Amino acid sequence: MLYFIEQCLNGVQLGMLLFLLAAGLTLIFGIMDLVNLAHGSLYMLGAYFAATFADLTGSFILGAVLALIASAIAGMALEVIAIRPLYGRNHLDHVLGTFGLILFFNELVRLIWGPAGLTLSLPSEMLVAVQIVPGLYYPLYRLVIILVALAVAALLYIVVMRTRLGMLIRAGASNREMVGALGINIKLLYTLVFGLGAALAGFAGLMQAPILTVQIGMGENILILAFVVIVIGGIGSIRGAFVASLIVGLIDTLGRAFLPDLLRAVLSTNAALTLAPALSSMSIYMLMAAILVIRPEGLFPAASR
Amino acid sequence: MKAAREFAGRFIPASWLNPRGYLTAAMLAGLALVPAYVVATGDSFALTLFTRVLILALAAVSLNLIMGYGGMVSFGHAAYLGVGGYAVGILWREGVTSGFVQWPVAVAISALFALVVGALSLRTRGVYFIMITLAFAQMVYYVAQGLDRYGGDDGLTIGNRSSFSGLIDINNNTLFYYLCFALLLGGVYLVSRLVNSRFGLVIQGSRSNERRMRALGFATFRYRLVCFVIAGALCGLAGALLANHTNFISPAIMYWTRSGDLMVMVILGGLGSLFGPVIGAVTYLLLEEALSRVTEYSGLVIGPALLLVAIYLRGGIEGLLAGGRRD
């Protein structure tokens, strides 16, 4: 039972990381209609920036803040230089162009930081375990990730639902032509949204850096998960991204944790051992395939076009 | 020049006598002469490189059938390379070494897989179709990783190439090269016959406006599914060739970035043109190879180059030569 709670927490933590990534991705896709494969590269840059700045300043927090700012700036610069010409083009051009950006960033990171990854170590205060329920100790840092990500989600909610910028974002996700026709500086809005998405991605990258990895190509694996999340949740919908990322995080983690045992109860040990890893990796893709067949627009579709 | 063209026009269709045609002819001639070059210079690496180019060009041709002509952007096409390759690998591992069994099985299983994927995916459109094909490819990738008996993540070394009991010995690299070349030309011919038939017209019409095609009474889903299966089967053949070429198969061939590579080759060469994917495959792979000799950081050049192609070169290289956007 305690193990189940622990795995649930792990699932929520993965879900929250995915949400940070997926929120930016779904915003960019919903508002600018841009398939941004390079989002994973922004995630990678966030982690690398954090590792470098933390090293330079000696403080994890300061490094994180600087990395966040740097990610946002990098994102906005990328938007102005490389992304702008792609607006309005068909998705295939987006795929080709942003695929090229992935190659470029992987190589750039290799040039600047070398082929071996970096490490980002936590301050010693974080390296403790807290007792959540009697008998269950959970790493403090993972709890921090969950709480901080929830705070960011709340902040995002306030910005999107209660500010003028948020109103423009929601309007753009519903009907971007109308927003432009109403005299809003669409170019600036797009740059800001892209910067916001980049900041969120970089934030996800730097948050998971101490526990997972900082290496070239780290964005590619999680990018697919993020796309699965936004497809399940509904493109352009942050609420959908939130719910879907929790679902995906929980299914993936719980699947990997409990599916082998479940299978062993039903099948022979050998068959279970062979099938289990494959099935648990496949579980979220099967979910996405099911959603696409049953309800293609996602769980909480944003746009009505 | 004009007189020469008029003279040639009596033997060759006029539509071939333009810059695109010349480039294509030159490229095909060059490809045909690679073994001669290898014999002359002793550079056997060139043979290996160009065999790979031919095999991936065949895969690109199959992708172009559904993507360029059919408008079905499959982001999981590399899965068929893996399915075909693993069919050969698994059969070899289980003692079946005859190419007469391995290759048809590879094609058949790829076709079956394409049937399942297509039946589910073709209910969706646009970016959802892209995502679902991606998902299916990832699923196969993970399944292959879990196949411990056949190498799992490390891959499976295939000790012997397929044997055709005396008909052709593909252990001879030159013979194998020409076999791949012949199969590539066969694949292009197959696509050209398909596309210029009534079937192909329905497919292309479905790409433009599916509702209109349905209103005209065509069961577009079935047509597109058949097209999808043919493309999958053709790519499965390419997978079987690849497994023989490298004597090795691993899940990595199915990772989504490899599907991205295939898409790049098709788009680069020009969507919806017969030899476009071949041009794209040759260009992309040779560029990759040439750059890796010049610099250690080839991605710094290829990446922005792809971006520039996406922004400025509408219609890919073929489109550039034809002068403007081809739709």
Side-chain angles (χ1 to χ4, degrees), chain A residues 29 33 35 37-38 81-86 89-111 217 220-221 223-225 227-228 230-232 235 273-293 296-298, chain B residues 67-68 71 73 75 117 119-121 123-149 152 255-257 260-261 263-264 266-268 271 288 295-314 316:
Chain A
F29 202 156
D33 198 24
V35 180
L37 294 181
I81 299 173
I83 303 285
R84 267 200 194 160
L86 289 174
R89 307 286 289 274
N90 72 68
H91 289 155
L92 210 47
D93 290 334
H94 297 167
V95 168
L96 182 65
T98 52
F99 189 74
L101 285 175
I102 294 182
L103 297 178
F104 175 73
F105 277 119
N106 278 347
E107 208 73 278
L108 187 68
V109 166
R110 194 160 75 92
L111 179 69
E220 282 147 39
N221 290 319
L223 182 69
I224 296 208
L225 286 183
F227 270 115
V228 170
I230 65 174
V231 166
I232 294 178
I235 293 179
L273 277 173
T274 339
L275 276 180
L279 267 184
S280 29
S281 323
M282 273 168 46
S283 51
I284 31 171
Y285 295 109
M286 293 196 286
L287 175 67
M288 178 176 96
I291 298 260
L292 275 177
V293 171
E297 62 275 12
Chain B
M67 200 163 89
V73 181
F75 210 148
V117 174
L120 290 170
S121 316
R123 298 174 192 280
T124 64
R125 306 233 51 175
V127 69
Y128 300 109
F129 180 76
I130 301 180
M131 288 296 122
I132 197 172
T133 50
L134 175 61
F136 277 114
Q138 282 297 98
M139 277 198 242
V140 185
Y141 170 75
Y142 286 124
V143 168
Q145 270 192 327
L147 292 173
D148 282 323
R149 179 169 166 74
Y255 196 55
W256 68 283
T257 46
D261 285 335
M263 287 171 74
V264 167
V266 175
I267 301 173
L268 193 62
L271 284 171
E288 223 179 29
T295 164
E296 216 189 306
Y297 301 103
S298 54
L300 287 178
V301 177
I302 295 189
L306 289 180
L307 182 62
L308 288 172
V309 167
I311 297 174
Y312 294 113
L313 239 52
R314 294 167 185 260

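Numbers restart at 1 for each chain; the letters A, B, ... are given by sequence-line order, proteins then strands. None of the values given here were measured: they were computed from a predicted structure.
Minimum heavy-atom separation, A/Phe227 to B/Met131: CB-SD, 3.5 Å. Between B/Val143 and A/Met282, the shortest heavy-atom distance links the atoms CG2-SD, 3.3 Å. Here the closest heavy-atom approach between residue B/Met139 and residue A/Met286 is recorded as SD-CG, 3.8 Å. Here the shortest heavy-atom pairing between A/Arg89 and B/Ala310 reads NH2-O, 2.7 Å. Shortest non-hydrogen contact noted between B/Leu307 and A/Ala82 is CD2-CB, 3.5 Å. Smallest separation of non-hydrogen atoms from B/Gly299 and A/Glu107: N-OE2, 2.7 Å.
Two residues are said to be in side-chain contact when any heavy atoms from C-beta on lie closer than 4.5 Å; B/Met263 and A/Val95 meet this criterion. Side-chain contact between B/Asp261 and A/Phe99 is present, with at least one heavy-atom pair separated by less than 4.5 Å. Within the 4.5 Å cutoff, the side chain of B/Tyr128 has no heavy atoms near those of the A/Ile291 side chain. Proximity of A/Leu37 to B/Phe75: side-chain heavy atoms (C-beta onward) are separated by under 4.5 Å at one or more points.
For B/Val73, the part lying near chain A is the side chain, with the backbone staying farther off; criterion is any non-hydrogen pair under 4.5 Å. Both the backbone and the side chain of B/Leu120 come within less than 4.5 Å of a heavy atom in chain A. Using a 4.5 Å cut-off between heavy atoms, A/Leu92 touches chain B through backbone and side chain atoms alike. Neither the backbone nor the side chain of B/Tyr141 has a heavy atom closer than 4.5 Å to any heavy atom of chain A. Only the side chain of A/Leu223 comes within less than 4.5 Å of a heavy atom of chain B; its backbone N, CA, C and O stay farther away. Interface residue B/Thr257: backbone and side-chain heavy atoms are both found under 4.5 Å from chain A.
Rounding to the nearest 0.5 Å places CG of A/Leu108 at 6.0 Å from CG of B/Leu300. With rounding to the nearest 0.5 angstrom, the CD1 atom of B/Ile267 is 4.5 Å from the CG atom of A/Leu96. Residue B/Glu288 holds its CD atom at 8.0 Å from CG of A/Leu103, rounded to the nearest 0.5 Å. For the atom pair CD of B/Gln138 and CG of A/Asn221, the computed distance is 8.0 Å after rounding to the nearest 0.5 Å. The distance from atom CD1 of B/Ile130 to atom NE2 of A/His94, rounded to the nearest 0.5 Å, is 10.5 Å.
By number of non-hydrogen pairs under 4.5 angstrom with chain A, the leading residue of B/Val127, B/Val301, B/Val140, B/Ile302 is B/Val127. Interface check for chain B: of the options A/Ile284, A/Ile224, A/Ile102, the most heavy-atom pairs under 4.5 Å are formed by A/Ile224. Interface remark: of the candidates B/Gly126, B/Gly303, B/Ala305, B/Gly303 forms the most heavy-atom pairs closer than 4.5 Å to chain A.
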